Amino acid sequence: MEADKYTDYSDLSGIYQEIARELGRDGAITIHQLFHGQQISFPKRLYAREYVLEQVNNREEEKSIGEVAQQYGYTERRIRQLIQFSTGKNS
């Protein structure tokens with residue numbers, strides 16, 4: 001069956017139905033074309049540590065480290081550990 005002939009999400013197999021509901025049929029087809037046959041595990045965190053640290057370092061003065069941590073799915077303690085590690089102050 002060609003991709004252009006899908007008229008209903010029920011035509012898609014398993015997880016591709018869920019993907020199509022969220023991203024649309026074309027999104028599901030693209031994901032299938034890129035990753036079919038592979039087992040994929042998505043990291044819990046979307047943003048790279050380096051990016052989060054950059055956001056902490058460039059935050060507005062009224063924004064606390066805790067607020068940035070919460071925004072990016074980290075704990076304040078973990079952000080402080082990353083800051084300490086990035087500055088080379090490992091005690």
Side-chain angles (χ1 to χ4, degrees):
M1 181 182 267
E2 291 180 336
D4 294 336
K5 294 188 179 183
Y6 291 130
T7 57
D8 190 345
Y9 296 147
S10 64
D11 293 340
L12 300 174
S13 177
I15 190 72
Y16 294 111
Q17 287 181 16
E18 294 177 48
I19 293 170
R21 283 188 197 103
E22 292 298 320
L23 302 179
R25 181 184 62 110
D26 291 341
I29 291 168
T30 299
I31 288 172
H32 174 264
Q33 290 170 342
L34 291 171
F35 302 110
H36 68 278
Q38 296 183 39
Q39 187 171 1
I40 300 172
S41 173
F42 292 99
K44 182 177 178 181
R45 293 186 175 67
L46 178 62
Y47 296 100
R49 290 178 188 156
E50 295 78 13
Y51 175 79
V52 174
L53 281 170
E54 183 180 316
Q55 298 309 304
V56 168
N57 292 330
N58 296 328
R59 72 186 186 279
E60 300 165 10
E61 286 192 26
E62 65 273 359
K63 203 170 204 180
S64 71
I65 289 176
E67 290 171 318
V68 175
Q70 185 176 18
Q71 179 179 354
Y72 292 103
Y74 285 83
T75 64
E76 187 173 341
R77 178 179 179 188
R78 183 63 179 144
I79 293 292
R80 292 190 188 287
Q81 288 172 342
L82 293 173
I83 292 169
Q84 185 177 5
F85 180 75
S86 71
T87 59
K89 296 179 183 175
N90 300 333
S91 5

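Here, residue 1 is the first one in the sequence, and each next residue gets the next number. Just so you know, these numbers use all the heavy atoms, side chains as well, and skip hydrogens, waters and symmetry mates. Computed from a predicted structure; not experimentally measured.
For R77, the CZ atom counts as loosely surrounded, since its 6.0 Å shell holds 12 or fewer non-hydrogen atoms of other residues, nucleotides or ligands. Within a 6.0 Å sphere centred on CD of E62, heavy atoms belonging to other residues, nucleotides or ligands number more than 12.
Side-chain atoms of L23 and T30, non-hydrogen and from C-beta on, never get closer than 4.5 Å to each other.
Here the shortest heavy-atom pairing between L12 and A28 reads CD1-CB, 4.4 Å. Nearest heavy atom pair, residue Y9 against residue G24, reads OH-CA, 4.4 Å.
Partners of F42 by side-chain contact (heavy atoms from CB on, under 4.5 Å), not counting sequence neighbours, listed by chain and number: I40. In this structure, S13 has no side chain to side chain donor-acceptor pair (under 3.5 Å) partners at least two apart in sequence or on a different chain.
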Expected list for residues 46-57: side-chain donor-acceptor pairs under 3.5 angstrom, two or more places apart:
from : atom 1 : to  : atom 2 : distance (Å)
N57  : ND2    : L53 : O      : 3.2

Would you mind writing out the side-chain donor-acceptor pairs for residues 63-76 within the sub-3.5 Å range, not counting sequence neighbours?
from : atom 1 : to  : atom 2 : distance (Å)
K63  : NZ     : Q71 : OE1    : 2.8
S64  : OG     : G66 : N      : 3.4
S64  : OG     : E67 : N      : 3.1
E67  : OE1    : S64 : N      : 2.7
T75  : OG1    : R78 : N      : 3.0
E76  : OE2    : R80 : NE     : 3.4
E76  : OE2    : R80 : NH2    : 2.8

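Taking CG from D11 and CD from Q17, the interatomic distance works out to 8.5 Å, rounded to the nearest 0.5 Å. To the nearest 0.5 Å, atoms CG (L82) and OG1 (T87) are separated by 10.5 Å. With values rounded to the nearest 0.5 angstrom, H32 atom NE2 is found 13.0 Å from I15 atom CD1.
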